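Comments concern the structure below.
Note that this is a predicted model, so its numbers are computed, not measured. The first residue of the sequence shown is numbered 1, and numbering continues consecutively from there.
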Amino acid sequence: MAEPVVRYETNGAVAVVTMNRPQYSNAQNSAMTYALDEAFYRAADDDSVTAVILRGEGKHFSAGHDIGTPGRDVDQSFPRRAGLWWDHVGKSGGENRFARESEVYLGMCRRWRELPKPMIAQVQGACIAGGLMLAWVCDFIVASEDAFFADPVVRMGIPGVEYFAHPWVMGPRQAKEFLYLGERIDAARAERWGMVNHVVPRAELAGFTESLAERISAMPRFGLALTKKAINQAEDLMGLSSGMDSVFGLHHFAHAHNAEVGVDSLGGQDARSMRDARRGAEGGGS
(Lines give C-alpha, C1' and ligand atoms only; values in the text may rest on other atoms or scores of the structure.)
Protein backbone atom coordinates (compact mmCIF):
# COMPACT_ATOMS: atom_id res chain seq x y z
CA MET A 1 0.00 0.00 0.00
CA ALA A 2 1.39 3.40 -0.97
CA GLU A 3 2.50 5.76 1.77
CA PRO A 4 0.12 8.71 2.24
CA VAL A 5 1.43 11.99 0.87
CA VAL A 6 0.38 13.67 4.14
CA ARG A 7 0.36 12.07 7.58
CA TYR A 8 -1.88 13.24 10.42
CA GLU A 9 -1.43 12.43 14.09
CA THR A 10 -2.19 14.00 17.43
CA ASN A 11 -0.07 14.34 20.53
CA GLY A 12 -2.34 15.55 23.30
CA ALA A 13 -3.80 18.88 22.23
CA VAL A 14 -1.37 19.23 19.31
CA ALA A 15 -2.06 17.98 15.78
CA VAL A 16 1.06 17.17 13.73
CA VAL A 17 0.63 17.38 9.95
CA THR A 18 3.55 15.91 8.00
CA MET A 19 4.21 16.34 4.29
CA ASN A 20 5.40 12.92 3.18
CA ARG A 21 7.09 13.05 -0.21
CA PRO A 22 10.70 13.03 1.05
CA GLN A 23 12.01 11.40 -2.13
CA TYR A 24 10.96 14.61 -3.95
CA SER A 25 11.91 17.01 -1.15
CA ASN A 26 8.18 17.34 -0.35
CA ALA A 27 7.43 19.09 -3.63
CA GLN A 28 3.77 20.08 -3.58
CA ASN A 29 1.52 18.43 -6.16
CA SER A 30 -2.27 18.69 -6.10
CA ALA A 31 -2.63 15.38 -4.27
CA MET A 32 -0.55 16.80 -1.43
CA THR A 33 -2.45 20.11 -1.51
CA TYR A 34 -5.81 18.44 -1.02
CA ALA A 35 -4.41 16.04 1.58
CA LEU A 36 -3.07 19.04 3.52
CA ASP A 37 -6.47 20.69 3.27
CA GLU A 38 -8.14 17.57 4.64
CA ALA A 39 -5.65 17.40 7.51
CA PHE A 40 -6.12 21.06 8.44
CA TYR A 41 -9.90 20.70 8.26
CA ARG A 42 -9.64 17.67 10.54
CA ALA A 43 -7.56 19.63 13.05
CA ALA A 44 -10.00 22.55 12.96
CA ASP A 45 -12.95 20.23 13.54
CA ASP A 46 -11.37 18.34 16.47
CA ASP A 47 -12.32 19.98 19.76
CA SER A 48 -9.41 18.27 21.51
CA VAL A 49 -6.85 20.01 19.25
CA THR A 50 -5.67 23.49 20.20
CA ALA A 51 -2.54 23.94 18.04
CA VAL A 52 -1.12 22.50 14.80
CA ILE A 53 2.44 21.76 13.69
CA LEU A 54 3.22 21.58 9.95
CA ARG A 55 6.40 19.67 9.14
CA GLY A 56 8.12 17.89 6.26
CA GLU A 57 9.46 14.34 6.33
CA GLY A 58 13.13 13.86 5.47
CA LYS A 59 15.94 16.27 4.67
CA HIS A 60 13.83 19.21 3.48
CA PHE A 61 10.66 21.01 4.54
CA SER A 62 9.55 21.68 0.95
CA ALA A 63 11.23 22.34 -2.37
CA GLY A 64 8.12 24.16 -3.61
CA HIS A 65 5.58 23.43 -6.32
CA ASP A 66 5.93 20.14 -8.17
CA ILE A 67 7.09 21.15 -11.63
CA GLY A 68 8.67 17.89 -12.72
CA THR A 69 8.39 14.79 -10.49
CA PRO A 70 6.74 11.54 -11.67
CA GLY A 71 3.84 12.43 -9.37
CA ARG A 72 3.07 15.75 -11.04
CA ASP A 73 -0.71 15.83 -11.47
CA VAL A 74 -1.37 19.19 -13.09
CA ASP A 75 -3.81 17.60 -15.56
CA GLN A 76 -5.94 15.82 -12.96
CA SER A 77 -9.22 17.00 -11.47
CA PHE A 78 -9.77 17.22 -7.73
CA PRO A 79 -12.87 18.24 -5.76
CA ARG A 80 -12.43 21.99 -5.41
CA ARG A 81 -12.49 23.34 -1.85
CA ALA A 82 -11.05 26.86 -1.85
CA GLY A 83 -13.33 28.76 -4.19
CA LEU A 84 -15.94 28.63 -6.94
CA TRP A 85 -13.67 28.73 -9.99
CA TRP A 86 -14.48 25.93 -12.42
CA ASP A 87 -12.22 22.95 -13.01
CA HIS A 88 -9.06 23.81 -14.95
CA VAL A 89 -8.86 20.43 -16.69
CA GLY A 90 -9.83 20.66 -20.35
CA LYS A 91 -9.34 24.43 -20.44
CA SER A 92 -6.58 26.10 -22.41
CA GLY A 93 -4.20 29.02 -22.07
CA GLY A 94 -4.58 31.49 -19.24
CA GLU A 95 -8.01 30.10 -18.32
CA ASN A 96 -6.42 26.78 -17.37
CA ARG A 97 -3.63 28.22 -15.26
CA PHE A 98 -5.67 30.97 -13.61
CA ALA A 99 -8.44 28.55 -12.58
CA ARG A 100 -5.99 26.01 -11.18
CA GLU A 101 -3.76 28.44 -9.31
CA SER A 102 -6.72 30.37 -7.92
CA GLU A 103 -7.69 27.10 -6.26
CA VAL A 104 -4.60 25.10 -5.34
CA TYR A 105 -2.15 27.89 -4.58
CA LEU A 106 -3.63 31.26 -3.61
CA GLY A 107 -7.04 29.94 -2.57
CA MET A 108 -5.78 27.06 -0.46
CA CYS A 109 -3.17 29.17 1.31
CA ARG A 110 -5.73 31.81 2.19
CA ARG A 111 -8.03 29.07 3.47
CA TRP A 112 -5.29 27.65 5.70
CA ARG A 113 -4.23 31.05 7.03
CA GLU A 114 -7.71 31.39 8.51
CA LEU A 115 -7.63 28.09 10.41
CA PRO A 116 -8.80 29.29 13.85
CA LYS A 117 -6.05 27.51 15.75
CA PRO A 118 -2.38 28.50 16.03
CA MET A 119 -0.14 26.87 13.43
CA ILE A 120 3.63 26.41 13.68
CA ALA A 121 5.83 25.60 10.69
CA GLN A 122 8.74 23.32 11.64
CA VAL A 123 11.30 23.99 8.90
CA GLN A 124 14.50 22.13 8.10
CA GLY A 125 16.58 22.19 4.93
CA ALA A 126 14.94 23.74 1.88
CA CYS A 127 11.96 26.06 2.05
CA ILE A 128 11.78 27.29 -1.52
CA ALA A 129 9.11 29.14 -3.54
CA GLY A 130 5.89 27.18 -2.95
CA GLY A 131 7.41 25.93 0.30
CA LEU A 132 7.48 29.52 1.52
CA MET A 133 3.73 29.74 1.01
CA LEU A 134 3.19 26.72 3.24
CA ALA A 135 5.37 28.19 5.99
CA TRP A 136 3.96 31.72 5.67
CA VAL A 137 0.36 30.66 6.31
CA CYS A 138 1.52 29.49 9.72
CA ASP A 139 1.57 31.82 12.71
CA PHE A 140 5.10 30.92 13.78
CA ILE A 141 8.13 29.55 11.95
CA VAL A 142 10.71 27.55 13.89
CA ALA A 143 13.75 26.76 11.74
CA SER A 144 16.74 24.53 12.19
CA GLU A 145 20.19 26.03 11.73
CA ASP A 146 20.53 24.19 8.40
CA ALA A 147 17.30 25.66 6.98
CA PHE A 148 17.41 27.99 3.99
CA PHE A 149 14.79 30.06 2.19
CA ALA A 150 14.51 31.28 -1.41
CA ASP A 151 12.01 32.50 -3.98
CA PRO A 152 13.90 32.27 -7.29
CA VAL A 153 10.95 32.60 -9.68
CA VAL A 154 11.99 36.05 -10.91
CA ARG A 155 14.44 33.99 -12.97
CA MET A 156 11.33 32.78 -14.80
CA GLY A 157 10.26 36.39 -15.31
CA ILE A 158 7.56 35.99 -12.64
CA PRO A 159 7.23 38.43 -9.69
CA GLY A 160 7.25 35.91 -6.84
CA VAL A 161 5.07 33.00 -5.81
CA GLU A 162 1.28 33.17 -5.90
CA TYR A 163 0.78 33.78 -2.16
CA PHE A 164 2.65 37.08 -2.31
CA ALA A 165 3.27 37.82 1.38
CA HIS A 166 6.89 38.93 0.96
CA PRO A 167 6.64 42.63 2.00
CA TRP A 168 4.61 41.69 5.08
CA VAL A 169 6.66 38.77 6.37
CA MET A 170 10.08 40.36 5.90
CA GLY A 171 9.68 44.05 5.02
CA PRO A 172 9.73 45.79 1.62
CA ARG A 173 13.48 46.35 1.24
CA GLN A 174 14.31 42.81 2.32
CA ALA A 175 11.60 41.50 -0.01
CA LYS A 176 13.18 43.33 -2.95
CA GLU A 177 16.61 41.88 -2.21
CA PHE A 178 15.13 38.42 -1.67
CA LEU A 179 13.33 38.51 -5.03
CA TYR A 180 15.79 40.52 -7.15
CA LEU A 181 18.66 38.13 -6.34
CA GLY A 182 16.66 34.91 -6.00
CA GLU A 183 19.40 33.57 -3.74
CA ARG A 184 19.12 31.48 -0.63
CA ILE A 185 19.11 33.14 2.76
CA ASP A 186 20.00 31.07 5.78
CA ALA A 187 17.89 30.68 8.91
CA ALA A 188 19.91 33.20 10.91
CA ARG A 189 19.35 35.91 8.32
CA ALA A 190 15.67 35.02 8.02
CA GLU A 191 15.39 35.48 11.78
CA ARG A 192 17.08 38.90 11.59
CA TRP A 193 14.62 39.90 8.87
CA GLY A 194 11.70 38.94 11.12
CA MET A 195 10.49 36.05 8.96
CA VAL A 196 11.47 33.32 11.44
CA ASN A 197 10.63 33.24 15.16
CA HIS A 198 13.29 30.84 16.41
CA VAL A 199 16.42 29.11 15.07
CA VAL A 200 17.57 25.97 16.85
CA PRO A 201 20.05 23.13 16.22
CA ARG A 202 18.66 20.47 13.87
CA ALA A 203 18.65 17.85 16.62
CA GLU A 204 16.46 20.08 18.80
CA LEU A 205 13.99 21.20 16.13
CA ALA A 206 11.19 18.70 16.77
CA GLY A 207 11.41 18.91 20.55
CA PHE A 208 11.53 22.71 20.61
CA THR A 209 8.56 23.02 18.24
CA GLU A 210 6.51 20.48 20.19
CA SER A 211 7.25 22.29 23.47
CA LEU A 212 6.17 25.60 21.94
CA ALA A 213 2.94 24.07 20.65
CA GLU A 214 2.21 22.49 24.04
CA ARG A 215 2.70 25.81 25.83
CA ILE A 216 0.35 27.51 23.38
CA SER A 217 -2.18 24.73 23.93
CA ALA A 218 -2.41 25.63 27.60
CA MET A 219 -4.11 28.90 26.63
CA PRO A 220 -7.90 29.13 26.14
CA ARG A 221 -8.78 27.81 22.68
CA PHE A 222 -11.37 30.48 21.89
CA GLY A 223 -9.05 33.25 23.10
CA LEU A 224 -6.34 31.98 20.78
CA ALA A 225 -8.80 31.88 17.86
CA LEU A 226 -9.93 35.45 18.45
CA THR A 227 -6.35 36.68 18.86
CA LYS A 228 -5.33 35.03 15.60
CA LYS A 229 -8.31 36.60 13.82
CA ALA A 230 -7.49 40.02 15.29
CA ILE A 231 -3.90 39.93 14.06
CA ASN A 232 -4.86 38.56 10.65
CA GLN A 233 -7.43 41.35 10.28
CA ALA A 234 -4.82 43.94 11.23
CA GLU A 235 -2.46 42.47 8.62
CA ASP A 236 -5.20 42.68 6.00
CA LEU A 237 -5.82 46.32 6.95
CA MET A 238 -2.13 46.86 6.19
CA GLY A 239 -2.85 45.66 2.66
CA LEU A 240 -1.95 41.97 2.68
CA SER A 241 -5.14 40.62 1.08
CA SER A 242 -5.55 43.32 -1.58
CA GLY A 243 -1.82 43.27 -2.27
CA MET A 244 -1.96 39.56 -2.99
CA ASP A 245 -4.89 40.07 -5.36
CA SER A 246 -2.99 42.67 -7.33
CA VAL A 247 0.21 40.64 -7.55
CA PHE A 248 -1.70 37.49 -8.52
CA GLY A 249 -2.76 39.36 -11.65
CA LEU A 250 0.83 40.35 -12.39
CA HIS A 251 1.91 36.76 -11.77
CA HIS A 252 -0.45 35.50 -14.47
CA PHE A 253 0.42 38.31 -16.84
CA ALA A 254 4.02 37.10 -16.55
CA HIS A 255 2.98 33.52 -17.36
CA ALA A 256 1.05 34.74 -20.41
CA HIS A 257 3.99 36.87 -21.57
CA ASN A 258 6.35 33.90 -21.27
CA ALA A 259 4.00 31.70 -23.29
CA GLU A 260 3.66 34.35 -26.00
CA VAL A 261 7.33 35.16 -26.48
CA GLY A 262 9.03 31.95 -25.36
CA VAL A 263 8.68 28.20 -25.28
CA ASP A 264 6.32 27.89 -22.30
CA SER A 265 4.70 29.78 -19.43
CA LEU A 266 7.70 29.13 -17.15
CA GLY A 267 10.15 30.95 -19.38
CA GLY A 268 11.78 27.70 -20.47
CA GLN A 269 12.86 26.91 -16.92
CA ASP A 270 12.47 23.72 -14.92
CA ALA A 271 13.71 22.56 -11.51
CA ARG A 272 17.12 21.52 -12.85
CA SER A 273 17.76 24.70 -14.86
CA MET A 274 16.71 26.85 -11.89
CA ARG A 275 19.10 24.94 -9.64
CA ASP A 276 21.97 25.24 -12.12
CA ALA A 277 21.36 28.98 -12.61
CA ARG A 278 21.42 29.54 -8.86
CA ARG A 279 24.63 27.59 -8.49
CA GLY A 280 26.23 29.65 -11.23
CA ALA A 281 25.09 32.93 -9.68
CA GLU A 282 26.29 31.91 -6.23
CA GLY A 283 29.59 30.51 -7.47
CA GLY A 284 28.83 26.79 -7.16
CA GLY A 285 27.69 24.88 -4.13
CA SER A 286 25.04 22.27 -3.48
Side-chain angles (χ1 to χ4, degrees), residues 17-19 21-28 53-67 109 113 119-156 158-213 269-286:
V17 177
T18 304
M19 295 178 284
R21 298 184 78 208
Q23 70 275 37
Y24 303 121
S25 301
N26 295 315
Q28 182 189 1
I53 294 172
L54 174 63
R55 61 182 298 274
E57 186 63 43
K59 183 177 179 181
H60 300 292
F61 176 76
S62 176
H65 299 330
D66 186 344
I67 59 173
C109 285
R113 175 178 176 255
M119 297 173 62
I120 305 172
Q122 177 183 307
V123 177
Q124 82 283 359
C127 184
I128 297 174
L132 294 168
M133 296 165 51
L134 301 176
W136 286 347
V137 300
C138 297
D139 303 289
F140 296 174
I141 299 176
V142 179
S144 62
E145 291 172 337
D146 68 346
F148 56 90
F149 304 83
D151 187 357
V153 300
V154 173
R155 197 175 300 282
M156 296 176 173
I158 297 170
V161 290
E162 295 85 352
Y163 185 83
F164 192 85
H166 308 62
W168 290 270
V169 299
M170 65 179 72
R173 293 189 185 280
Q174 289 82 1
K176 288 177 180 179
E177 180 175 346
F178 189 63
L179 288 166
Y180 291 176
L181 295 175
E183 296 173 353
R184 296 177 175 182
I185 63 168
D186 61 23
R189 192 175 193 191
E191 185 181 30
R192 291 196 301 272
W193 281 4
M195 189 173 76
V196 165
N197 295 81
H198 301 279
V199 177
V200 298
R202 178 69 180 86
E204 299 174 16
L205 178 63
F208 184 95
T209 308
E210 289 163 11
S211 174
L212 186 61
Q269 298 282 350
D270 58 22
R272 185 179 297 275
S273 68
M274 295 281 281
R275 181 202 64 190
D276 293 344
R278 177 192 57 78
R279 286 177 175 175
E282 295 177 1
S286 60

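Side-chain contact between Thr209 and His198: absent, with no pair of heavy atoms (C-beta onward) separated by less than 4.5 Å. Counting heavy atoms from C-beta outward, Leu54 and Phe61 have side chains that approach closer than 4.5 Å. Glu162 is not listed as a side-chain neighbour of Val153, based on a closest heavy-atom distance of 4.5 Å or more. Side-chain contact check for Trp193 versus Arg173: every heavy-atom pair is 4.5 Å or farther apart.
Every residue meeting the side-chain contact (heavy atoms from CB on, under 4.5 Å) condition with Gln23, not counting sequence neighbours, appears here in chain and number order: Arg21. Residues meeting the side-chain contact (heavy atoms from CB on, under 4.5 Å) test with Glu57, sequence neighbours left out: Arg7, Thr18, Asn20, Pro22, Arg55.
Atom CD of Glu177 and atom CE of Met170 lie 10.0 Å apart (nearest 0.5 Å). Here the CZ-OH distance, from Arg113 to Tyr163, works out to 5.0 Å after rounding to the nearest 0.5 Å. Atoms CD1 and CD, from Ile185 and Glu191 in turn, are 11.5 Å apart once rounded to the nearest 0.5 Å. Taking CD from Gln174 and CG from Leu179, the interatomic distance works out to 12.0 Å, rounded to the nearest 0.5 Å.
A side-chain donor-acceptor contact under 3.5 Å links Gln124 to the backbone of Gly56. A donor-acceptor pair under 3.5 Å links the side-chain atoms of Ser62 to the main chain of Gly64, judged by distance alone.
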(request) Would you check, one step at a time, whether the test side-chain contact (heavy atoms from CB on, under 4.5 Å) holds for Arg189 with Val199? (result) CA-CA 10 Å; Arg189 192 175 193 191; Val199 177; over 6 Å; no
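In terms of heavy-atom proximity, Met19 sits nearest to Asn26 at O-OD1, 3.2 Å. Residues Gln269 and Arg155 come closest through the heavy atom pair NE2-O, 3.9 Å.
Side-chain atoms of Ser273 and Asp270 include a donor-acceptor pair closer than 3.5 Å.
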Can you give the donor-acceptor pairs under 3.5 Å from side chains of residues 131-152 to other protein atoms, not counting sequence neighbours?
unit_1 : atom_1 : unit_2 : atom_2 : d
Asp139 : OD2    : Met119 : N      : 2.7
Asp139 : OD2    : Lys228 : NZ     : 3.1
Ser144 : OG     : Asp146 : OD1    : 2.2
Asp151 : OD2    : Val161 : N      : 3.1
Asp151 : OD2    : His166 : NE2    : 2.7

